[in-house]
Amino acid sequence: MIPNPYFGDLDEWRNETATLMAVADAKDWHSERVDKVFWRGKIRGDSKENKCATNAGNYARISAAALSLQAPERFDVKSSSCRPRL
């Protein structure tokens, strides 16, 4: 989770960033890392113009979900809500 820098002033954000970087530097990320693409989110259409089929983001998300079926050992992509046509 990444904090929103707009909730505070620049000094607070600089201090928060320094704290996060120190924690990240102290952790051994490589030993716990899984070599797999992971994504969760929604695939849905625009209710006003129904541009679901031509929405580049939806196309990319559906393509990524298809990769999960083709190579589940490398891809873990699932939609938490799929309403392509509203």
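- A donor-acceptor contact shorter than 3.5 Å is absent between the side chain of K78 and the backbone of F38.
- Of the inter-residue distances, the one linking L20 atom CG with N15 atom CG reads 11.0 Å to the nearest 0.5 angstrom.
- For R40, the CZ atom counts as densely surrounded, since its 6.0 Å shell holds more than 12 non-hydrogen atoms of other residues, nucleotides or ligands.
- Once rounded to the nearest 0.5 Å, the distance linking CD of E73 with CG of D35 reads 10.5 Å.
- The pair D25-K27 does not count as a salt bridge, with every side-chain nitrogen at least 4.0 angstrom from each carboxylate oxygen.
- Inter-residue side-chain proximity for K36 and F75 is flagged as unmet; no heavy-atom pair is nearer than 4.5 Å.
- The two residues S68 and V77 come nearest to each other via the heavy atoms OG-N, 2.8 Å.
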